[in-house]
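Report on the structure given below.
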Amino acid sequence: MLRVEHSTVRFDGRTALDDVTLDVGDGEVVTVLGPSGSGKTTLLRVIAGLQRPDQGRVVLDGRDLASVPPHRRGIGLVFQDHALFHHRDVAGNVAFGLRMRNEPAAAIGRRVRDMLELVGLSGFEDRSVATLSGGEQQRVALARALAPGPRVLLLDEPLGSLDRRLRDRLLDDLARLFAEVQVTAIYVTHDQAEAFALGDRVAVMRTGRLVQVGTPDAIWAQPADADLAHFLGLRNVRDGSVVRPEAVLVRVGGGDGNGVVLAAIRQGPTVRLVVSLDSGETLEALVTSLEHPEPGDRVSVEIDPAGIVELP
Amino acid sequence: MDRHRDPLSARAWRAVGYGVPLAFLAFFFVFPLAEIVRRGLGSGGGESPWSVLTDSDTRQVLWFTVWQAVASTALTILVAFPAAYVLGRYEFPGRSAVRALVTVPFVLPTVVVALAFLAILPQGLQRGWAAILIAHAFFNVAVVVRVVGTFWARLDPRVSEAAATLGAGPWRRFREVTLPLLAPALSSAAAIVFLFSFTSFGIVLILGGPAYATLETEIYNQAVRVFDLRAAAVLSLVQLTCVALAVLATTRLEARLAIRGQLRSERDVLRRARTRGEKLVVLASLGGLALFLGLPLAALVERSLAVGGGHNLAAYRALTEPTAALLATPWEAVLNSLVYATGATVIAVVVGGLAAFAIARSSRWSTRLFDGLLMLPLGASAVMLGFGFVITFDRAPVDFRSAPWIVPVAQALVAIPFVVRIVVPTLRAIDERQREAAALLGAPPRRVWREIDLPIALRALAVAAGFAFAISLGEFGATVFLARPDRPTLPVAIFRFLGRPGELNAAEAYALAVVLMVVTAVSVFLVERIRVRRLGWF
């Protein structure tokens with residue numbers, strides 16, 4: 001089990017990591033979600049031993065890692081933009097960690113083959129990494145980090161530099177792979193969809209602090225504060241409570257409604273309605289029907305009390 | 001990152017990294033320089049330093065040196081610009097071959113370049129300022145094409161496209177968007193060309209004739225022909241001052257080059273020429289450059305074959321025979337050159353490589369000072385080095401003038417700045433995350449150095465070695481002072497042949513120039529094969 005305890009990192013008076021405590025169980029995937037500059041990468045660097053915390057410590061399986069240099073921690077890191085060794089071919093990259101452990105060449109060759117098969121790059125051994133596409137480089141970086149069998153795998157926005165379609169595909173592959181390898185992983189991202197799709201638990205960070213840690217459902221059901229609710233796309237915040245958009249029921253009124261539709265925005269299977277109430281309040285609603293009110297329509301709005309979440 | 005490095009051996013390595021280059025430089029550069037200053041400004045011995053300075057001849061030499069350098073720079077940019085544009089904007093078959101071929105004149109020994117223009121220019125133009133300017137443009141075209149072209153190829157074309165959508169026509173886009181963005185590269189290249197033209201020796205000595213002297217040739221003239229050591233020393237100091245000012249400006253410009261905002265990868269920028277007009281531009285630019293660079297070299301080969309009214313190999317056959325021009329056979333000069341250049345390469349790579357590792361590891365002011373110190377021999381000019389050696393190492397206990405290793409040492413001094421400039425940026429460019437990635441995969445610090453830094457450095461060192469070899473092969477300014485009459489190098493032998501009348505002597509000079517060109521081209525070709533990634537300046 002990995003435990004980060006009360007860790008703080010300051011850069012030139014700016015606090016990049018502020019008293020962060022986080023437990024990650026064996027085989028668990030925790031995604032760290034937050035905007036850029038929220039301290040996600042710093043957290044990973046502290047765990048990897050690349051950044052010494054000003055306060056706090058990192059404990060792995062009961063052992064304090066403070067005096068353990070990065071190369072003896074057995075923690076793998078998939079870097080943002082990959083940081084592949086451009087002076088080595090694909091196999092040379094994947095084999096690197098195994099060579100550091102002086103494994104016999106035959107075993108290394110087998111393991112490299114297995115790893116490349118795992119990430120879907122069989123036969124790429126002799127390719128120069130410079131000739132690979134972004135997605136392929138990403139897979140090599142993953143295979144390289146996984147090859148030595150790390151106790152913990154850290155991933156720093158691994159899909160950040162890829163286009164959306166590729167990202168969606170790799171996201172599915174990653175989810176499958178995490179399940180298959182049973183690796184303990186911390187996955188950092190600014191993308192909500194990624195965080196909720198991959199994480200057994202999601203840890204939300206803001207300005208160096210952990211705001212909330214919980215399962216995707218738990219966070220979605222009960223965001224820790226109004227800012228987080230807003231970050232998650234829950235924009236109906238009133239009097240210390242959040243109204244879920246699906247709990248805002250909109251009917252095209254027969255003339256005596258209590259609001260006007262300002263916008264109707266299709267987002268895949270759902271349509272987001274922005275409604276201006278006569279009371280001056282603006283609410284967002286989600287409707288799933290193909291037919292929906294158009295901007296300018298007068299509507300009547302009701303709120304399902306079950307969809308009101310009290311903020312702490 | 002935590003450094004779990006053995007502190008004692010780390011300190012020992014740092015001492016070697018700084019100590020060896022410093023000791024080398026102190027003895028073989030600062031010491032001779034001090035001797036020049038002593039001879040130049042010290043009391044006693046003929047006229048006063050002031051009278052040399054105010055002499056009308058000196059002023060004329062200084063004036064010619066400056067204006068020919070400015071004009072050479074302008075001409076070089078003019079000639080190189082179309083090719084830089086094509087390399088900076090278009091993808092075409094053989095693009096990397098063009099980049100490599102354009103470099104050939106730059107690594108050619110200046111003596112070869114001078115002979116190539118003697119061979120191609122009509123009688124009336126063979127000697128004089130025009131010949132000098134054209135030869136300088138030929139020699140330096142690679143600097144502009146490669147520095148500007150490479151930079152151009154990474155400028156985001158969308159910036160210019162944005163200007164187009166805002167209503168700017170092609171000329172306005174070029175003047176108000178592309179040119180300002182190119183300015184850092186352009187001015188950096190111009191500064192380098194200016195410096196090379198300012199300190200050019202072989203070309204001016206051979207093509208200038210007696211009427212056109214620059215500071216560099218005048219130092220040689222005063223020291224070797226007039227034997228006025230005082231004047232040579234004073235002129236050396238003038239030269240040093242001018243070059244120091246120019247180098248200062250260059251480093252300023254290089255600092256500007258370092259701030260280069262959002263550059264893109266060449267792959268995203270370059271595109272194929274599509275319209276007929278675009279194809280014509282590509283063909284005309286490259287074809288024009290090919291003619292400008294190829295014809296003089298072809299003429300050189302032709303002249304080496306022109307003996308006795310026909311074309312034959314008589315001049316080449318004569319190379320193995322004794323000649324009145326030299327105290328050795330020309331072939332022995334070829335061997336001397338190879339041996340000297342090999343020695344110089346070893347010295348330059350060891351001293352420059354050690355220094356590069358020390359420089360790349362830190363950015364403290366003391367390291368930057370050390371870096372600047374190592375660049376000084378480049379600025380001091382080869383003729384000054386040779387002259388300094390001659391007047392310094394001529395008496396016990398430092399009587400090394402006829403020691404066999406003095407020539408390689410002088411050549412190494414000229415090559416060291418290039419070695420440092422090639423290796424340092426490569427080492428600095430290693431992404432720290434690569435070292436971190438290696439550490440996380442289980443590599444201890446020493447192993448990280450061996451697995452990441454060393455392989456990348458080795459490639460850069462191999463490239464540097466190739467350059468050092470080519471530079472040493474063609475080194476003329478210092479070697480002409482130091483090579484013993486019975487052990488001439490190729491450039492020295494060529495120069496001696498030129499000073500002799502007769503058709504065969506001329507043909508032998510051309511033949512030796514061809515040999516020198518081939519040997520240099522082969523060593524550079526090997527370097528180009530090693531170079532997988534872009535390094536340093538080029």
Side-chain angles (χ1 to χ4, degrees), chain A residues 41 44-53 65-89 92-103 128-131 133-134 140-141 143-156, chain B residues 1-7 10 91 95-96 153-154 262-268 270 360 422-423 425-463 529-535:
Chain A
T41 299
L44 289 195
R45 292 176 65 83
V46 165
I47 297 170
L50 299 171
Q51 174 70 49
R52 194 189 284 277
L65 294 182
S67 61
V68 182
H71 63 276
R72 295 215 191 89
R73 290 196 176 193
I75 291 179
L77 172 57
V78 177
F79 286 79
Q80 201 172 359
D81 302 329
H82 329 317
L84 292 177
F85 302 136
H86 279 263
H87 58 296
R88 296 186 189 285
D89 58 13
N93 271 271
V94 179
F96 193 92
L98 304 164
R99 284 202 301 116
M100 294 306 112
R101 296 197 314 212
N102 297 318
E103 294 203 5
S128 147
V129 292
T131 64
S133 70
V140 173
R144 181 179 74 175
L146 280 174
R151 281 285 294 112
V152 178
L153 180 66
L154 310 175
L155 302 101
D156 188 0
Chain B
M1 175 180 159
D2 295 335
R3 296 257 174 215
H4 299 261
R5 198 188 288 260
D6 176 2
E91 179 62 68
R95 190 171 179 277
S96 55
R154 305 193 59 203
Q262 202 69 63
L263 290 184
R264 297 168 60 87
S265 111
E266 284 190 3
R267 259 200 310 205
D268 302 335
L270 300 176
I422 289 171
V423 178
T426 312
L427 287 176
R428 287 231 173 105
I430 299 175
D431 188 348
E432 183 59 30
R433 292 179 316 160
Q434 298 239 325
R435 300 193 183 98
E436 291 177 355
L440 287 175
L441 292 165
R446 210 179 292 262
R447 191 82 190 266
V448 170
W449 186 84
R450 216 176 73 203
E451 297 279 352
I452 307 296
D453 296 60
L454 193 62
I456 293 171
L458 276 181
R459 196 144 55 190
L461 280 172
V463 171
R529 287 179 57 100
I530 298 167
R531 178 180 324 173
V532 179
R533 300 171 68 190
R534 209 169 59 81
L535 293 157

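Note on naming: letters A, B, ... go to the chains in the order of the sequence lines (proteins, then strands), and numbering restarts at 1 for each one.
For the options A:A145, A:G76, A:G97, A:G74, heavy-atom pairs under 4.5 Å to chain B are most numerous at A:G97.
Within the model, atoms CZ of B:R433 and CG of A:L77 stand 9.0 Å from one another, a figure rounded to the nearest 0.5 Å. Rounded to the nearest 0.5 angstrom, A:F79 CZ and B:E436 CD are separated by 5.0 Å. Taking CZ of A:F85 as the reference point, atom CG of B:D431 lies at 10.5 Å (rounded to 0.5 Å).
Residues B:L440 and A:A48 approach most closely at CD2-O, 3.5 Å, considering heavy atoms. When all heavy atoms of B:P455 and A:H87 are compared, the pair lying nearest together is CB-CD2, 3.7 Å. Listed here is the closest heavy atom pair of B:A443 and A:H71: O-CB, 3.2 Å. Closest of all the heavy-atom pairs between A:A83 and B:A437 is O-CB, 4.3 Å. Of all non-hydrogen atoms in B:L441 and A:R144, the two that sit nearest each other are CD2-O, 3.4 Å.
The contact between A:R99 and chain B is made by backbone and side chain atoms together, counting heavy-atom distances below 4.5 Å. Looking at A:L98, there are no atoms closer than 4.5 Å to chain B (heavy atoms on both sides), in backbone or side chain. Residue A:A141: no heavy atom, backbone or side chain, is found under 4.5 Å from chain B. Neither the backbone nor the side chain of B:I430 comes within contact range of chain A, judged by heavy atoms closer than 4.5 Å. For chain B, no part of A:D156 is nearby; none of its heavy atoms comes within less than 4.5 Å.
Within 6.0 Å of the CZ atom in A:R101, the count of heavy atoms belonging to other residues, nucleotides or ligands exceeds 12.
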